[in-house]
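Note sheet for the following structure.
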Amino acid sequence: MRGGILVDDRGRIWPDSSRELVRRIGYRDPAISVAEYAVRRGLVHIRTQGDSVRVSLSAGRFGVPALAAALRAVHEQSPQRILLAVLSGEEWNYGICANVPELAAHAEDLAAGGPVCRRPWLAIDKSERVLASATFGRAAPLIRLWRETRGRATEDLPASLIAAGLLNRSVLARRTAGSSRLVSEHFGVCFDRAMKPCESLLQVGRDLEDVLDRAYGIWVADCYDRALAG
């Protein structure tokens, strides 16, 4: 797919540079791109970005024919991941979908006028079915260990992370005895690209929320707290 495409309300596909489509949708707003103007009018925009595909749509404005044709177009690209960009009012919201079925599940709710999931960071809960797909194959040993130990850290955990090639991209948290504090037991050197490797090592033993982006750290610590409580 060279450039991008737009899918109209009848499921027809147009290059996003089509002059005929520009005339059809009445584009006369140089302040925004043709693609964004079309999305605001209920079309779906699809653009390839490396091994990923970005799908842009407006919540509650697109119909089933457009969605069906868009899903077929994305499926034909066999992307490694799908970025879903959703316009709600004047606000854009973003999420990552692992495959076309997951994209379809999100988009069908949005087509029916369902709520837009707003998150302060780019993070999406994944079901076990999605995590078992080939997209997350590298994490399979870790997921298997998590199931076997019911989420408890064991002596096998570092070896499993190394086998999966995930040790340097992982953060392990530990709750200190007699305290509610969560500290970093391990902080992967590739996890936060804003840090130098030596700075990542200095995170070990520090409170989990004590990172450069403290608001993000507090959010992560809260996720760990809720996981421990469950």
Side-chain angles (χ1 to χ4, degrees), residues 1-18 21 32-88 91-112 114-144 164-166 168-170 188 190-193:
M1 183 191 299
R2 294 185 178 180
I5 61 171
L6 285 160
V7 186
D8 67 17
D9 57 352
R10 296 184 181 180
R12 295 175 298 186
I13 293 177
W14 306 78
D16 59 9
S17 57
S18 168
L21 181 63
I32 61 175
S33 66
V34 173
E36 181 174 338
Y37 184 86
V39 167
R40 290 176 180 273
R41 292 181 61 86
L43 280 73
V44 179
H45 185 233
I46 302 171
R47 179 161 57 91
T48 301
Q49 298 175 306
D51 60 358
S52 304
V53 167
R54 172 178 170 138
V55 179
S56 303
L57 48 82
S58 183
R61 298 292 304 270
F62 63 97
V64 173
L67 175 58
L71 292 174
R72 286 196 298 270
V74 174
H75 175 72
E76 290 173 358
Q77 300 305 307
S78 301
Q80 292 296 309
R81 64 192 61 81
I82 303 164
L83 173 64
L84 177 60
V86 181
L87 180 64
S88 179
E91 181 181 0
W92 285 96
N93 298 271
Y94 303 92
I96 297 292
C97 297
N99 48 42
V100 174
E102 188 178 356
L103 170 64
H106 284 297
E108 285 173 357
D109 288 340
L110 293 169
V116 176
C117 180
R118 293 182 173 85
R119 295 173 182 264
W121 292 278
L122 193 62
I124 298 293
D125 291 335
K126 303 295 184 185
S127 68
E128 287 195 40
R129 180 179 62 81
V130 172
L131 290 174
S133 66
T135 303
F136 295 93
R138 288 183 60 190
L142 180 61
I143 296 168
R144 184 166 56 251
L166 296 172
N168 285 334
R169 301 182 62 84
S170 302
C190 298
F191 181 75
D192 191 338
R193 294 185 180 181

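All values derive from a computational prediction rather than experimental measurement.
A heavy-atom distance below 4.5 Å is found between the side chains of Ser52 and Arg81. Asn93 has its side chain out of reach of Leu84: every pair of non-hydrogen atoms, C-beta onward, lies at least 4.5 Å apart. Contact check for Tyr94 versus Leu83: side-chain heavy atoms found under the 4.5 Å cut-off. Between Val39 and Val44 the shortest side-chain heavy-atom distance does not fall below 4.5 Å.
The side-chain contact (heavy atoms from CB on, under 4.5 Å) test with Leu103 singles out one residue from Leu67, Ile96, Leu71, and that residue is Leu71. Put simply, the residue from Thr48, Asn99, Ile46 that forms a side-chain contact (heavy atoms from CB on, under 4.5 Å) with Val74 is Ile46.
The two residues Val53 and Pro79 have their closest heavy-atom pair at CG2-CB, 3.7 Å. Scanning both residues, Ala69 and Val7, for their nearest heavy atoms gives CB-CG1, 3.6 Å. The heavy-atom pair separating Pro65 from Arg10 by the smallest distance is CB-C, 3.9 Å.
The backbone N or O of Glu91 sits nowhere less than 3.5 Å from a side-chain atom of Ser88 that would complete a donor-acceptor pair.
Of the inter-residue distances, the one linking Asp8 atom CG with Ile13 atom CD1 reads 9.0 Å to the nearest 0.5 angstrom. Rounding to the nearest 0.5 Å places CG of Leu6 at 5.5 Å from CG of Leu43. Note: Asp51 CG to Ser78 OG = 11.5 Å, rounded to the nearest 0.5 Å.
Take Asp16 and apply the salt bridge (Lys or Arg N to Asp or Glu O under 4.0 Å) test, not counting sequence neighbours, and it matches no residue. Arg40 meets the side chain to side chain donor-acceptor pair (under 3.5 Å) test with Glu36, Glu90; sequence neighbours excluded.
Applying the side-chain hydrogen bond (donor to acceptor under 3.5 Å, both in side chains) test to every pair with at least one member in residues 54-65, sequence neighbours left out, gives these pairs: Arg54-Ser56.
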